[in-house]
Each structure stands twice: as structure tokens, then as C-alpha cells.
Protein chains: 2
Amino acid sequence: MNAEPADPGLLALAQDFREALRHSIYLVRRLDADGELSAAQLSTLKMLMDSSPASAGAGASGSGVRVGEIARNLGVKVPSATEQIIKLERAGLARREPDPNDSRAVRVTLTREGRAAVESANERRNTVMAGILLSLSDDDRAALAAALPVIGKINATLQA
Amino acid sequence: MNAEPADPGLLALAQDFREALRHSIYLVRRLDADGELSAAQLSTLKMLMDSSPASAGAGASGSGVRVGEIARNLGVKVPSATEQIIKLERAGLARREPDPNDSRAVRVTLTREGRAAVESANERRNTVMAGILLSLSDDDRAALAAALPVIGKINATLQA
DNA sequence: CGTTCATAGTTAGGTAGCCTAACAGTTAGG
DNA sequence: CCTAACTGTTAGGCTACCTAACTATGAACG
């Protein structure tokens, strides 16, 4: 199993990082507790927003995101994605349309309300987080900023 | 509402940080999927381990952690803590004993198996994480290491 | 063409973890 | 004492996730 004995410094860093993430979950939980949109739903909406830049409502080729793709992007299984989407649809935040090219597939798009909801929810959470960051020193903020791309890389690793 | 217009850089950092954490949840999820102990249970066990350094089995004053304290440390409500503890107890990983000084209270301690379980689970997760970190550059690792205390501060903010 | 295999989503049923509300027992104060 | 405050547990409910089974469409091939 243990092909790598792994150097102790690396393991220590791994441990500390895991610890930090584990605690951060409660931070996220608190941010998400602020109302209306659950964490999962906000994630889903945000993903939809990122995937369909802005533009068109109806027309073109790539309008909407397929359920399977949503699931993959969110790191969940397809039925879980379906479930979320149905809830969003019922809430009037997303729309499901048949794919003209493949009638097995479903294309999911944000409604205007969905777009507004994710924007306002994001804004509110950002404000709260900014308030927390405000209590840090400049150096601390700089250190945090420097690490974010690294964390991004780590997260990207997982997609592979 | 918006007493603070808040400087745009701070908001951007807040947004990026939130984003990083949001994605990291999937990382944590993957790490925790590796078997036996759920995330919540590992958190609980780890907390118990941290709170009762090592030492005695039965004796002294501070042996064990009270349910309310566990809940506070984990950022959950008391009934949720009770639920976790009962599961751990059934699994033979923790023990519940009446507090000799206050019969309302319950003192929770790890069993030998509990201690072993948290150690091995941690070790396995650390190894996986170390493997991921191995793919980073030295600079990246340094940046990450520098940010961890900052994230720790942020998390500590919440306890207050 | 028509069978067969693969792909896309949905439905059904189950689990974990969290919450609030209601309850029981203990301690402490008037 | 008797009441108020505190510590846990129980009961009931919700969200989000999972696997397995099903439906419907598409695609490949003889």
C-alpha cells in the first residue's frame, strides 16, 4: 500500500490543510445559513450561471447545461442533480427544456429570477465574508490571496 | 442595509475565498469517502482526542468532554451531538459516563478502539492529501503553508 | 429495417446529519 | 420547598446524498 513513506513535512502540511478545510466547513455552513438558498442550490445555480455566460434566452446551439454535466461539475451523481434541478424548477429559478438535437437529453437554463437570486445571495455572502476578512492584517490578507490559486489548483486536480 | 460600501478588492478576495472553500468541500467529500468513518464522526472523534490529551483512563477531574461542549466545538446543536455520540458508542469507539460532580452531565471519552480508529483514519487521509500536495511546486506549497494560520484565524473568528 | 447495446434522465427507496420542540432529571436560589 | 435555570435525550421532520431499477432515445450492425 504505502509505496511512498512520504516526507514528514509534507504530511504535516497535509494534516494542517485538512484541518483547516474541516473547520472551514462550519464557516461555509454559517454563511449559507443566512437564508433562502441552500448551499447545494446556490452551487447549482452558480454553476449554471458560469456555464451559460449571459446572452441568449432561447436560440442557439449551446443554450443550457445537461443534467449529466451538472452532476459532474458538482461532484454528485445524476439522480442528485435531477433532484436539485427539480427543486430549482419548482422555485422558478431554472427551466428544463428538451434538447432539440437529442431528445434523451435535457437542457437546463437559469430563469431571470434564478440569475437574480444567485447574484443577490452571492453578494450577501460576500459582504459577510468581507466583514470577516476586514479583521485581518494586510499581511494576512496577502497570504490568503497568494494561497487561493494554489487551492484552486488542488481542487482542479480532483476533476481529473 | 449596506452600512459599508466595502472596498472592491476586499469583496473580490472574499468572493475568491468563498469560491475556493466551496470547491474544497468536494475535496473533503472525496477524502472522507474512503471508508469506515464518516466526516462527522471523524470530526467528533478528533475533537474528543484533542480535548483529552492522552493520560488517564478513569480517574481525575477533567476526564471526558461534556455533550454540550462537544456540540459547541463542532458547531452543531446538542441533539446532533448526542446523536453522533450514540453512534460512536454503539460502534465501540466512545464511552458515556455520568459526571460524578453533576449528575445532569455526561462525560464522553474515547475508547482505545476510538483512539486507534481516529489515528488510522487520519493517517490514511493525510497520505492521500500528501499525494495531492506532492504535485505542487515548492512555491505553491509555501504559499499554502503561509495561508493556513490565516485560515485558522478566520475560523477562530466564528467561535466568538 | 430491426434487433441490440449504449446513453440520458427519472423514479423509488434508503441513509446520514442536521434542526426545532417537547420532555425528564438535577441543581441552585429565593 | 418550589421555582427557575441547566443538561441531555427523544420525537419528528428536512435536505442532500447514494444505489438500483426503469423508460426512452440514439446508434451500430447484420
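This structure is a prediction, so every number in the text was calculated from the model and none was measured. Numbered from 1 within each chain, the chains take letters A, B, ... in sequence-line order.
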inquiry  = For nucleotides 17-30 of chain C, give me one character per nucleotide, 5' to 3': B if any protein heavy atom sits under 4.0 Å from the base, S if the only such contacts are to the sugar-phosphate, - if neither.
reply    = BBBBB---BBS---

task = Specify the separation, in whole Å, of atom CD of Glu89(A) and atom P of dG9(C).
result =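 The distance from CD of Glu89(A) to P of dG9(C) comes to 14 Å, rounded to the nearest Å.
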
ask   = Could you state the CZ-P distance from Arg90(B) to dA16(C), rounded to the nearest angstrom?
value =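 Rounded to whole Å, this separation is 10 Å.
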
query = So do the side chains of Met129(B) and Leu27(B) get within less than 4.5 Å of each other, counting heavy atoms only?
reply = yes

request  = Start with the C-alpha gap between Arg96(A) and Arg107(A), add the side-chain angles, then the distance that decides, and say whether side-chain contact (heavy atoms from CB on, under 4.5 Å) holds.
outcome  = CA-CA 6 Å; Arg96(A) 273 191 299 181; Arg107(A) 297 256 165 208; over 6 Å; no

inquiry  = Rounded to the nearest 0.5 Å, what separates atom CZ in Arg22(A) from atom CG in Asn155(B)?
reply    = 10.5 Å

message = Distance check, rounded to the nearest 0.5 Å: Leu134(B) atom CG versus Leu13(A) atom CG?
response = 11.0 Å

request  = Ignoring hydrogens and angles, tell me if any N or O in the side chain of Ser137(B) forms a donor-acceptor pair with the backbone of Asp140(B) under 3.5 Å.
outcome  =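 Such a contact is found between Ser137(B) side chain and Asp140(B) backbone.
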
query = Reading DNA chain D 5' to 3', which nucleotide is the first, and which the last, to come under 4.0 Å of any heavy atom in chain A?
reply = dT15(D) to dG26(D)

message = Apply side-chain contact (heavy atoms from CB on, under 4.5 Å) to residues Asn73(A) and Asp50(A) and explain how you reach the verdict.
response = CA-CA 11 Å; Asn73(A) 283 325; Asp50(A) 294 345; over 6 Å; no

Residue pair Leu10(B), Arg141(A): steps toward the side-chain contact (heavy atoms from CB on, under 4.5 Å) verdict = CA-CA 9 Å; Leu10(B) 194 63; Arg141(A) 276 193 293 272; 3.6 Å; yes

query = Ion pair present between Glu69(A) and Arg72(A), side-chain N to carboxylate O less than 4.0 angstrom?
reply = no

inquiry  = Which nucleotide, if any, forms a Watson-Crick or G-U wobble pair with dG30(C), using both distances under 3.5 Å?
reply    = dC1(D)

